[in-house]
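Computed from heavy atoms alone, side chains included, the values below leave out hydrogens, waters and symmetry copies. Throughout, protein chains are lettered first and strands after them, A, B, ... in sequence-line order, and every chain is numbered starting at 1.
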Amino acid sequence: MNLLDDLRWRGLLAQSTDEKALAEALSKPITLYVGFDPTAPSLHCGNLVVLLVLRRFQLAGHYPIALVGGATGLVGDPSGRNEERSLNSTEIVENWVSRIRTQVSAFLDFDAPKNPARVVNNLDWTSPLSAIEFLRDIGKHFSVNQMLAKDSVASRLDAGGISYTEFSYQVLQSYDYLELFKRHGCTLQLGGSDQWGNIVAGLDLIRRVEGGSGHALTVPLLTKSDGSKFGKTAGGSVWLDPEMTSPYAFFQFWLNSEDKDVINFLKVFSFLSHDEINALEKSHNENPGLREAHRALARELTTLLHGAETTQRVEAAARALFGQGELGELDEATLASALAELPRATISKREDIPTWVDLITAAGVVDSKSAARRIVKEGGAYLYNVKISGDDFAPTKSDFLCGKYAVLRKGKRDLAAIELI
RNA sequence: GGCGGGUUGCCCGAGCGGCCAAUGGGAGGGGACUGUAAAUCCCCCGGCUCUGCCUUCGAAGGUUCAAAUCCUUCACCCGCCA
């Protein structure tokens with residue numbers, strides 16, 4: 001099965017320019033790129049969809065380029081937004097660029113003997129450009145009529161307006177594609193389906209300036225079965241950065257996918273074969289309670305992002321914390337590694353042990369003491385698996401396993417570790 | 001530049017001098033039922049040293065015993081006109 005057929009099977013094809021021509025082009029290795037704008041300190045799991053498609057292309061023998069938008073991130077993409085972005089300072093964007101560069105790199109192979117990956121920053125070719133050059137050499141090729149017709153712009157005009165800055169975004173992105181076409185012979189740009197307009201604008205520019213041609217391919221916007229936005233949890237987005245979303249939380253995010261979504265997610269996010277996914281689908285339908293598909297999904301993605309060792313730790317932690325096993329029976333090393341993944345608070349041995357409310361707040365599981373008190377009042381506060389009551393409840397020294405660790409729980413699955421030092 | 005409309009808690013959106021920490025919806029949280037699902041039902045949802053106190057209704061001043069609500073100035077957004 002060829003790459004395009006595989007992508008279609010996984011539901012990863014939204015739009016493409018002449019598909020026959022693209023399939024033909026893909027019979028030989030080509031160079032392709034995807035752009036990521038630094039709009040946050042980290043990519044989130046939604047960005048993973050297209051990033052993993054880029055990886056699929058590399059695995060199929062093509063040359064992948066990941067572009068980090070040091071320039072476009074300073075301007076702001078109007079696509080898919082109904083209001084103007086607030087601009088970030090250059091220092092912030094620079095910092096985010098370097099962090100995202102590292103993240104993206106983890107999914108690509110730079111040492112592949114035949115088709116090594118590349119990471120580029122569009123600031124490299126955009127910043128030397130003068131305003132006059134920009135207007136004369138690039139701007140001249142754009143028709144405002146066409147720019148206005150772009151979905152991203154038209155919808156913003158309806159929704160109240162768009163600044164000249166964001167209006168110009170498509171020109172910058174087009175210029176990127178042109179630049180990569182010239183520098184690296186890049187002939188395919190991938191993106192989310194909201195990027196279609198920007199991508200084809202780039203193709204136009206390549207044709208006008210170079211008389212060349214390239215391809216565009218977009219990936220559908222991932223939706224959940226209930227129509228809600230993918231990738232958000234109570235705590236906000238699920239980030240790739242382990243500082244922002246712990247490996248434990250990352251694993252739990254996938255494990256807690258809804259039944260209706262899990263097979264679809266396996267197709268989109270995993271590199272399992274069709275047979276393996278079909279087998280998981282069968283077992284899932286026969287016994288959803290076992291959640292084999294969920295586990296496979298969580299395991300594969302956590303391994304891909306954080307490595308096999310971390311994944312094992314995280315899984316062991318989940319087993320110990322949720323499972324039937326008694327925490328008290330674990331040896332200190334196992335216990336410590338299980339708890340390593342949890343949000344935590346440390347307290348001094350010398351002082352009195354604070355209340356459950358204070359501890360859970362200190363661990364950052366709730367936003368305020370009021371919220372913590374509310375949890376207690378509502379009966380969602382636990383020490384280990386025992387429900388506690390009363391605002392003034394505090395664990396005692398004997399509640400600490402190995403004289404060191406205690407586990408607090410908020411609701412069904414929010415855990416915190418308390419360490420006595 | 002002129003005239004008019006707007007800026008309310010995470011989001012949408014009521015309130016238009018006291019009964020306002022502020023109606024309603026969404027999101028979110030806890031409980032029950034389960035499989036660390038979904039659906040459903042009940043409850044909660046600014047903060048704190050919590051029978052009370054403190055800080056919020058774009059910002060800063062002012063009027064008043066009392067202001068999200070009235071006045072002044074400023075900032076930003078939208079519309080119409082130039």
In whole Å, measure the gap between the C1' atoms of B:rU63 and B:rC11 for me. 35 Å

By the 4.0 Å heavy-atom rule, please label A:S368 as base, sugar-phosphate, or nothing. sugar-phosphate

A:D414 has an atom CG; how far is it from atom P of B:rG31, in whole Å? 10 Å

Atom pairs under 3.5 Å: protein N/O with N/O of nucleotides 41-45 of chain B:
| from | atom 1 | to | atom 2 | distance (Å) |
| --- | --- | --- | --- | --- |
| B:rC44 | O4' | A:E378 | OE2 | 3.3 |
| B:rC44 | O2' | A:E378 | OE2 | 3.3 |

Residue whose closest nucleotide on RNA chain B lies nearer the 5' end, A:S257 versus A:S370: A:S257

What interatomic distance, in whole Å, is found between P of B:rA37 and the corresponding atom of B:rG28? 14 Å

May I ask you to say what A:I375 touches in the nucleic acid, namely base, sugar-phosphate or nothing, with a heavy-atom cut-off under 4.0 Å? sugar-phosphate

Show me the pairs that pass salt bridge (Lys or Arg N to Asp or Glu O under 4.0 Å) and involve residues 289-299 of chain A, at least two apart or across chains. A:R299-A:E315

By the 4.0 Å heavy-atom rule, please label A:G289 as base, sugar-phosphate, or nothing. base

Ignoring backbone atoms, test whether A:Y382 places a side-chain nitrogen or oxygen under 4.0 Å from the OP1 or OP2 oxygen of B:rG31. yes

Contact class for A:F251 (heavy atom, under 4.0 Å): base, sugar-phosphate, or nothing? nothing

Kindly say whether, by distance alone, the side chain of A:K369 makes a donor-acceptor pair under 3.5 Å with the base of B:rU49? no

Taking only residues two or more places apart in sequence or in another chain, which ones pass side chain to side chain contact (heavy atoms under 4.5 Å, CB included) with A:P343? A:V365

Proximal nucleotide (of B:rA38, B:rU36, B:rG30) relative to the A:R291 side chain: B:rU36

Tell me every residue that passes side chain to side chain contact (heavy atoms under 4.5 Å, CB included) with A:T39, counting only those two or more places apart in sequence or in another chain. A:D37, A:R85

Of the nucleotides B:rG31, B:rG29, B:rU36, which one has an atom closest to the side chain of A:K387? B:rG31

In whole Å, I'd like the distance from the CG atom of A:L290 to the P atom of B:rU34. 18 Å

When the C1' atoms of B:rG24 and B:rG9 are considered, how many whole Å apart are they? 14 Å

Between B:rA37 atom P and A:N264 atom CG, what is the distance in whole Å? 21 Å

Quick check on B:rA37: is either OP1 or OP2 less than 4.0 Å from any side-chain nitrogen or oxygen of A:R413? yes

What does the 5'-to-3' dot-bracket notation of RNA chain B look like when only Watson-Crick and G-U wobble pairs under 3.5 Å count, and pairs to other strands show as |? ((((((((.[[[..)..(.....]]].(((((.......))))).(((...)))...[[[[[..)....]]]]]))))))).

With sequence neighbours excluded, what pairs up with A:K349 under the side chain to side chain contact (heavy atoms under 4.5 Å, CB included) test? A:L420

Spacing between A:I263 atom CD1 and B:rA37 atom C1', to the nearest angstrom: 13 Å

Rounded to whole Å, how long is the line connecting atom NE2 of A:H284 with atom P of B:rA38? 12 Å

